[in-house]
Number of protein chains: 2
Amino acid sequence: MNDRKKRILWAVVQDYVSSAEPVGSRTIAKNYDLGVSSATIRNEMQDLGDEGYLEQPHTSAGRIPSIKGYRFYVDCLMEPSRLTGEEEERLTHMIADQTTKVDEIFRNMARVVSSLTQTLSVAARQTRRSCTFNYIRFLPLDGQRAILLVVTQEGRVSNTVVNIPPGSSIDELQLLADRLNHFLHGKDISAADEQTILAFQKDVERDLTPFSRIFVSLRRSLAPKQKVYSGGAAGLIRQPEFQNVEKMQDILNLLEERDLLHSILDTAMDRPIAVRIGSENPDKSLADLSIVKAQFQVGGEVIGTMAVIGPTRMEYGRVIGLLYFMQKHLEHMLKNKE
Amino acid sequence: MNDRKKRILWAVVQDYVSSAEPVGSRTIAKNYDLGVSSATIRNEMQDLGDEGYLEQPHTSAGRIPSIKGYRFYVDCLMEPSRLTGEEEERLTHMIADQTTKVDEIFRNMARVVSSLTQTLSVAARQTRRSCTFNYIRFLPLDGQRAILLVVTQEGRVSNTVVNIPPGSSIDELQLLADRLNHFLHGKDISAADEQTILAFQKDVERDLTPFSRIFVSLRRSLAPKQKVYSGGAAGLIRQPEFQNVEKMQDILNLLEERDLLHSILDTAMDRPIAVRIGSENPDKSLADLSIVKAQFQVGGEVIGTMAVIGPTRMEYGRVIGLLYFMQKHLEHMLKNKE
DNA sequence: GTTAGCACTCGTAATGAGTGAGTGCTAATA
DNA sequence: TATTAGCACTCACTCATTACGAGTGCTAAC
């Protein structure tokens, strides 16, 4: 792969990304200053095709980059774009504006990035796998009902309204809760499973059946529910490669199958920003999509992930630039906040 | 509108709903036992066309119902379908299964109904406009932070982690909270706005500026956030009338514009189940969609709404039957639960 | 009032010629 | 030996033409 070939591959990707049309040798000779004629470029393109970096939709058409071509482009030829002033302002404003809820920021990130790049963007805070039990507290509500709170040491609260079993009082409930608190305090939240609670039931030598519904509520409120924020599907299907019914249906299925979005965000990453191009994606319904994924970390712990889903013909440099910028600023902001 | 015309209109709607193809006179003569020849039916159909109940896509095509035709069908010709055993089982199971979270039920309703009817279904619990303040409570978390809870008399809880201002303690915070509780107890939650809190600040003759962030958190956690659950867009765009790019984009826009979905659910209803056909919808982006909307009430209060969005060519009887069934069972279930 | 018969309409699918962008090869050139 | 000009060839795409058929609307007979 000599220097000229690299420059031609770069030019093909560049041109195809912006035009969505197969790129011909003449186009490159005209618009990219390589100092050689279209015939020379034609020869080089043929070689690039033989080596698997370029593809031809049909004999008499121009070339488009193959998965391998994009991969080479992303790994060796491309630079993350610098943001424009406008982009920079919009993102910093968004990150700085929401002083409280991190969830909100993730939601807005998905929206803003998708609107800037015409892609489908999804974001989610990481499920905290380690979540330490702090205490259970019952609060009064009215004669028959009480509010059951579970508080973790990280400051997360889940609440459920429970009926006070006939013959009990809220103080009695709290007494029991205190014993349970003592039992669970400092343990990981997963310890509060059915088994443990059954064991505890034996331990206190008391029939807990009247409270069983409370434990059901408890377990339910502890169940980790990771929210995936998504936005921009409307922008994505405006891209020329999705102008047909099947592709659009695929996108909509992807959007409604939250499981798949979850799994996209959940898969492990070997670097802070990773790119998966087309069929590099394990799921075959993502075979003609590319995904750029960024992890957000504070103090070594992953606190959220964002993925940009677009056509393989994606502005990789720009998307990576955006994600990099957000990573830097969001992590900085969160570190200061803690 | 004589009886035969009614039967012909009924047949046209029936046939078009299931076939999605313009219906010809011969089809009706063959498949619907009217006892007259296609020529007679042809004459009647011409009249129905003149009177605005039927339309012709082009001169040599069959007829399709007009908005007016559907309206007449829904108002005068149609009966809500009885559910099949399978449908009934699936719905009762769903309603009975989730013993706790009503939110979950609404989410599942949207999913199940859309999957049964190949429509886009949206559901939301009603924003409780009246929401009565109960009390504020601070709970310990660690040295620097506390958990601020706001509890309503209906048993809703919102929580935020707040920093304890330097020089204060959690007891001090609770003391202040108790005065605020006294001040706000039994009032509508909207009373806790900036104005009132400023007035209260004067009243207690104490500088509350160190607590300002807490009040910001408080207000934010009180902000009503109505969640709209949706499902089935993928099924809807599988319908033949949406097999083109523009229509699909419209659907996706509708899905991503949560505001519009909100407004669909929010608009007042004059009866428990209402039907809006095509251009009867105020929003013009809904002009070729029909919406069947049901309100769920417990004790005279509206507690949620569900809307089924489909093509004008919709199985009105079936959808209404489903919604009616759910209304009855869900309201029954909730009444018992309270 | 109803029906059979028939000419007429018009959307749709199939066919085929024409067009042009782009290639691949060859021979000339530096 | 690397580059370039020239040219035949390929193939998707467009557009007009044709054929087909479902369905109507009218007329005349029952």
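To find a chain, count down the sequence lines: A is the first, B the second, and so on, and within it residues start at 1.
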Please output the side-chain donor-acceptor pairs of residues 33-40 of chain B that fall under 3.5 Å, not counting sequence neighbours, one pair per line with the distance.
residue: B/Ser37; atom: OG; partner: B/Ala39; partner atom: N; Å: 3.3

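- Rounded to whole angstrom, the span from the CD1 atom of A/Ile41 across to the P atom of D/dA2 amounts to 17 Å.
- The residue among B/Thr40 and B/Pro57 whose nearest nucleotide of DNA chain C is located toward the 5' end is B/Thr40.
- Sorted by first and then second residue, the salt bridge (Lys or Arg N to Asp or Glu O under 4.0 Å) pairs involving residues 71-82 of chain B (not counting sequence neighbours) are B/Arg71-B/Asp75, B/Arg71-B/Glu280.
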**Message:** Does the protein touch nucleotides 21-30 of chain D at the base, only the backbone, or not at all? Give it as B, S and - per nucleotide, heavy atoms under 4.0 Å.
**Reply:** -BSBBB----
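- The backbone N or O of A/Gly49 sits nowhere less than 3.5 Å from a side-chain atom of A/Arg63 that would complete a donor-acceptor pair.
- In this structure, A/Leu34 atom CG and D/dT4 atom P are separated by 11 Å, rounded to whole Å.
- For B/Ser37 and C/dT2, the shortest distance from a side-chain N or O to OP1 or OP2 is not below 4.0 Å.
- Applying the side-chain contact (heavy atoms from CB on, under 4.5 Å) criterion to A/Glu44, with sequence neighbours excluded, gives A/Asn2, A/Arg4, A/Lys5, A/Ile8, A/Asp47.
- Residues forming a side-chain hydrogen bond (donor to acceptor under 3.5 Å, both in side chains) with A/Arg318 (at least two apart in sequence, or on another chain): A/Glu87, A/Glu315.
- Summarising the geometry, the separation between NZ on A/Lys5 and C1' on D/dT3 is reported as 15 Å, rounded to the nearest angstrom.
- Here C/dG22 presents its C1' atom at 16 Å from OH of A/Tyr16, a figure rounded to the nearest Å.
- Proximity note for A/His58 (side chain, C-beta onward) versus D/dT3, D/dA12, C/dT2: the nearest is D/dA12.
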Name the atoms and distances for all side-chain donor-acceptor pairs under 3.5 Å in residues 230-242 of chain A, with sequence neighbours left out.
residue: A/Gln239; atom: OE1; partner: A/Arg313; partner atom: NH2; Å: 2.9
residue: A/Gln239; atom: NE2; partner: A/Gln118; partner atom: O; Å: 3.1
residue: A/Glu241; atom: OE1; partner: A/Arg313; partner atom: NE; Å: 3.1
residue: A/Glu241; atom: OE1; partner: A/Arg313; partner atom: NH2; Å: 2.6
residue: A/Glu241; atom: OE2; partner: A/Arg313; partner atom: NE; Å: 2.8

